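Computed from a predicted structure; not experimentally measured.
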Amino acid sequence: MRTVKEDQYRAKCDEIVATALKLSLSKGFQAMSVQDLLDELHMSKGAFFHYFASKADLLRRMVARVLAEGMRRLLPIVQEEGVPAIVRLNRFFATIADWKTGRKSFFLTVVRVWYEDDNAVVRQRVRDETVEQMGPLIDGIIRQGAEEGTFTPASVDQLGKIVLSIFENMVDTLSKSFLLPGQAKGRIESMSACVRAHTAAVERTIGAPPDSVRTLDVKVLERWIAESDEARDTGGGGQ
């Protein structure tokens with residue numbers, strides 16, 4: 001049973017992590033100093049190091065916070081029973097897309113800073129931890145599909161991480177496309193081609209029938225591009 005002190009300690013840690021996430025998105029994690037964080041929180045350096053051993057320790061907990069919500073949303077899909085594997089896999093991808101779409105204004109605002117060099121360390125750490133933690137969730141779906149005969153993978157070992165790596169590469173490519181100038185129609189065609197190529201790679205990896213996997217709905221891209229252009233026109237593109 002947790003004590004009041006433990007609850008207070010946890011709450012303060014959460015506050016520091018939340019503030020660090022906000023600052024890293026506005027300044028970049030590398031550019032954000034511990035002193036920046038202390039000034040924002042009106043906290044002493046000694047107090048900060050009471051909660052975190054180092055800036056690297058803070059980064060670890062920032063990544064954990066980002067992944068925790070994603071895991072909370074995905075676990076019910078992984079654990080549900082009586083649902084065909086291909087349906088579960090498509091729900092897995094749709095849940096990730098829905099989570100980001102529900103916060104698209106936020107993502108479109110910070111995407112430019114997110115892909116700057118100052119965030120390279122935290123960006124790579126988030127990606128590595130995402131694949132490491134969420135990849136195994138897909139393994140059970142692939143095994144189910146193999147048992148059903150829907151998927152015909154050469155092996156089921158480590159395939160979840162490979163599939164999620166393909167998905168994350170697609171997301172990175174699409175995210176960077178929002179930063180490029182050009183007509184919406186041309187970008188939609190290019191991004192749609194990106195989705196098709198990565199989706200086909202997922203299908204080949206797990207041995208799924210062609211056109212059975214849905215990694216991302218193109219209509220979602222169209223909505224995101226429209227809002228991205230509007231944000232840039234009004235000066236809200238995260239500059």
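By the rule that hydrophobic residues join a cluster once side-chain heavy atoms approach within less than 4.5 Å of another member, Val131 and Val121 end up as members of separate clusters.
With respect to Phe93, the side-chain contact (heavy atoms from CB on, under 4.5 Å) criterion is satisfied by exactly one of Leu216, Val213, Asp217: Val213.
No donor-acceptor pair closer than 3.5 Å links the side chain of Glu168 to the backbone N or O of Thr130. Thr199 places no side-chain N or O within 3.5 Å of a backbone atom of Arg214 that could act as its donor or acceptor partner.
Contact record, Met62 with Val17: CA-CG1, 3.9 Å, taken as the closest heavy-atom pair. Contact detail for Leu21 and Ser24: the closest heavy-atom pair is O-OG, 2.9 Å. Residues Pro153 and Ala146 approach most closely at CD-CB, 4.2 Å, considering heavy atoms.
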Could you list the donor-acceptor pairs under 3.5 angstrom formed between side-chain atoms of residues 74-82 and any protein atom two or more places apart in sequence or on another chain?
{"from": "Glu80", "atom 1": "OE1", "to": "Arg91", "atom 2": "NH1", "distance (Å)": "3.1"}
{"from": "Glu80", "atom 1": "OE2", "to": "Arg91", "atom 2": "NH1", "distance (Å)": "3.3"}

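Side-chain polar atoms of Ser54 and Asp57 form no donor-acceptor pair below 3.5 angstrom.
Side-chain contact check for Thr150 versus Pro84: every heavy-atom pair is 4.5 Å or farther apart. Ile96 places a side-chain heavy atom less than 4.5 Å from the side chain of Phe167. By the 4.5 Å heavy-atom criterion applied to side chains, Pro209 and Glu203 are not counted as neighbours. Between Ile138 and Leu159, the closest side-chain pair of non-hydrogen atoms is not below 4.5 Å. Between Leu38 and Ser44, every side-chain heavy-atom pair lies at or beyond the 4.5 Å cut-off. No side-chain heavy atom of Val156 sits less than 4.5 Å from a side-chain heavy atom of Phe151. A 4.5 Å side-chain heavy-atom check between Phe92 and Leu164 finds at least one atom pair inside the cut-off. Within the 4.5 Å cutoff, no side-chain heavy atoms of Val202 are placed close to those of Met170.
For the salt bridge (Lys or Arg N to Asp or Glu O under 4.0 Å) condition, the pairs that include at least one residue of residues 147-163, sequence neighbours left out, are Glu132-Lys161. Listed by first and then second residue, the salt bridge (Lys or Arg N to Asp or Glu O under 4.0 Å) pairs involving residues 37-52 are Lys22-Glu40 (not counting sequence neighbours).
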> Passes side chain to side chain contact (heavy atoms under 4.5 Å, CB included), Val163 versus Gln158? Steps please.
Replying inline: CA-CA 9 Å; Val163 166; Gln158 303 293 315; over 6 Å; no
>> Quick one, Leu58 with Leu37, criterion side chain to side chain contact (heavy atoms under 4.5 Å, CB included). Give me CA distance, side-chain angles, the key distance, then yes/no.
In response: CA-CA 11 Å; Leu58 172 63; Leu37 194 56; 3.6 Å; yes
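Separation of atoms CE (Met43) and CZ (Phe49) is listed at 11.5 Å; rounding is to 0.5 Å. How far CG of Asp211 is from CZ of Arg196: 10.5 Å, rounded to the nearest 0.5 Å. The CG atom of Leu41 sits 4.0 Å away from atom OG1 of Thr19, with the distance rounded to the nearest 0.5 Å. Taken from CG in Leu89 to OG in Ser212, the straight-line distance is 8.5 Å, to the nearest 0.5 Å. One distance of note links CZ of Arg61 with CG of Asp14; it measures 9.5 Å at 0.5 Å rounding. Distance CE/Met191 to SG/Cys194: 7.5 Å, rounded to 0.5 Å.
Between Tyr9 and Tyr51, the ring planes lie tilted relative to each other; the angle falls in the 30° to 60° range.
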